[in-house]
Amino acid sequence: MSSAGAGQQQFRYTQTPSKVLHLRNLPWECAEEELVELCKPFGKIVNTKCNVGANRNQAFVEFADLNQAISMVSYYASSSEPAQVRGKTVYIQYSNRQEIVNNKSSGDVVGNVLLVTIEGVEAGDVSIDVIHLVFSAFGFVHKIATFEKAAGFQALIQFSDSGTASEARNALDGRSIPRYLLPEHVTSCLLRISFSAHTDLNIKFQSHRSRDYTNPYLPVNPSAIDGTLQPTLGPDGKKKEPESNVLLASIENMQYAVTVDVLHTVFSAFGTVQKIAIFEKNGGMQALIQYPDVATAAIAKDSLEGHCIYDGGYCKLHLSYSRHTDLNVKAHSDKSRDYTVQDAGILAVPQAPGVPTVGTGWQGSSQMFAGPQAPATSSQIPGWDPSSHSYVSAPVTYPGQTSAPSVPPYPGAGAIPTVAAASPTASQLISQYGMQPTGQHSSGTGAAQPPYY
DNA sequence: AGCACA
């Protein structure tokens with residue numbers, strides 16, 4: 001209910017007080033800490049939002065109590081000394097909003113790896129050497145991976161620590177790469193920088209799109225030299241796809257929902273499945289399945305390739321090697337699973353049926369990459385939860401500890417539906433678990449999750 | 001020097 005019928009005409013002296021203060025004319029380098037230093041004498045700060053506005057020199061500060069915000073505004077309204085940050089006068093007024101919507105999702109969670117979006121350029125315009133040059137000004141750059149996405153040309157840049165990464169981000173976010181480093185036809189080249197959830201990029205080759213500066217002896221990827229992407233399946237069959245312990249499965253004719261549990265059941269027939277991630281790709285569904293070693297993955301790949309999870313040609317599997325070696329996935333969600341994390345496993349499922357666990361509705365610009373230099377097929381992984389960082393960095397991969405849960409994902413159901421044998425072993429396993437398409441599973445529990453295809 | 005965005 002707005003009391004003023006006059007519309008947006010709000011004058012300085014009649015602004016309604018708010019716990020949220022709007023600060024402008026801040027210095028460019030203004031960090032949240034400096035903001036807090038300025039404001040905390042007046043009360044408890046519960047939230048901030050920095051780098052607001054076209055010039056990124058505005059900010060919002062939210063106090064716990066309205067009176068605290070009022071005290072700050074009135075103090076500086078009558079003070080002879082203006083509010084300052086690093087000697088620069090800061091203008092303070094009540095925000096026209098009553099609270100800061102917490103926008104600190106994923107991209108603002110600091111880390112040592114930056115996600116850089118380079119706006120207004122083609123991928124070929126900015127070489128990896130230029131990127132390296134620009135970011136090396138802030139410290140040793142360990143690794144760089146570049147890729148193209150809907151958002152544009154992007155790069156993951158790994159520093160030693162989050163402090164260095166923060167400095168680089170604070171200095172370069174919203175800035176442009178100097179003209180003289182760019183081709184002449186490039187008119188603008190704005191950098192948008194956020195933090196990646198990654199802590200260590202997985203660079204397999206030195207190429208025009210990825211570098212590992214800590215390992216100069218890393219082999220040069222021959223197929224990456226000419227700029228062509230690695231195909232997921234070699235059309236002539238001669239493409240030597242590098243083997244991997246991670247399989248990329250695309251699922252064709254998906255008449256039934258294929259869940260993480262279903263995939264786990266199928267792929268566990270060949271060995272311990274460590275991690276699974278499901279994502280949408282071009283309207284179809286794909287999944288990454290991680291085994292502890294290449295040999296197991298190879299067996300699974302050969303055995304399952306072209307086979308269907310369900311009878312009647314449903315959910316046909318096409319397998320290739322991923323370029324990932326260690327998936328960066330949330331330990332337990334409807335789209336991903338990390339079976340190497342025991343305590344977050346199936347036993348600890350807190351959510352009641354029908355209650356959505358995590359809002360995976362938005363993925364935003366900070367998409368997850370299990371490894372850099374992802375091929376085009378996996379360079380659009382939308383389904384992974386950006387908040388997975390909390391689990392990923394935990395080095396819990398003891399060699400013998402990576403075990404799949406011995407509990408069948410489905411208790412023995414009487415009716416064994418049409419389950420086709422992808423391989424004899426898989427067939428036995430599936431039958432013994434009484435697996436049924438989860439798309440139909442929802443008929444039992446009224447409020448179950450809808451199928452997502 | 002004048003209000004963010006999933």
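Letters A, B, ... mirror the listed sequences (proteins, then strands); counts begin at 1.
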Using distance only, find each side-chain donor-acceptor pair of residues 50-58 of chain A under 3.5 Å and give its atom names and separation, not counting sequence neighbours.
| residue | atom | partner | partner atom | Å |
| --- | --- | --- | --- | --- |
| Arg56(A) | NH1 | Asp173(A) | OD2 | 2.6 |
| Gln58(A) | OE1 | His22(A) | NE2 | 2.7 |

Whole-Å distance separating the [atom1] atom of [X] from the [atom2] atom of [N]:
| X | N | atom1 | atom2 | value |
| --- | --- | --- | --- | --- |
| Gln93(A) | dA4(B) | CD | P | 13 Å |
| Ile100(A) | dC5(B) | CD1 | P | 13 Å |
| Leu23(A) | dA4(B) | CG | C1' | 13 Å |
| Arg192(A) | dA4(B) | CZ | C1' | 12 Å |
| Tyr91(A) | dG2(B) | OH | P | 10 Å |
| Leu26(A) | dC3(B) | CG | P | 13 Å |
| Tyr94(A) | dG2(B) | OH | C1' | 16 Å |
| Arg97(A) | dC5(B) | CZ | P | 9 Å |

**Request:** Would you tell me whether His318(A) and Glu252(A) have side-chain atoms, one donor and one acceptor, within less than 3.5 Å of each other?
**Result:** yes

**Message:** Checking Tyr91(A) now: which residues fulfil ring-ring contact (aromatic ring centres under 6.0 Å, His included) with it, not counting sequence neighbours?
**Reply:** none

**Asked** Going by number, which of residues 53-74 of chain A have a non-hydrogen atom under 4.0 Å from DNA chain B?
**Response**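 Under 4.0 Å from DNA chain B: Gln58(A), Phe60(A).
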
**Fill in**
Residue set satisfying side chain to side chain contact (heavy atoms under 4.5 Å, CB included) with Val73(A), at least two apart, ordered chain then number -> Leu21(A), Ile92(A), Tyr94(A)

**Asked** By side chain to side chain contact (heavy atoms under 4.5 Å, CB included), which residues pair with Ala123(A), not counting sequence neighbours?
**Response** Glu148(A), Phe153(A)

**Message:** Any base atoms under 4.0 Å from Asn25(A), or only sugar-phosphate, or nothing? Heavy atoms, all strands.
**Reply:** sugar-phosphate

**Asked** Which residue pairs pass the side-chain hydrogen bond (donor to acceptor under 3.5 Å, both in side chains) test with at least one member in residues 75-86 of chain A, sequence neighbours excluded?
**Response**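 Passing the test, one end in residues 75-86 of chain A: Glu34(A)-Arg86(A).
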
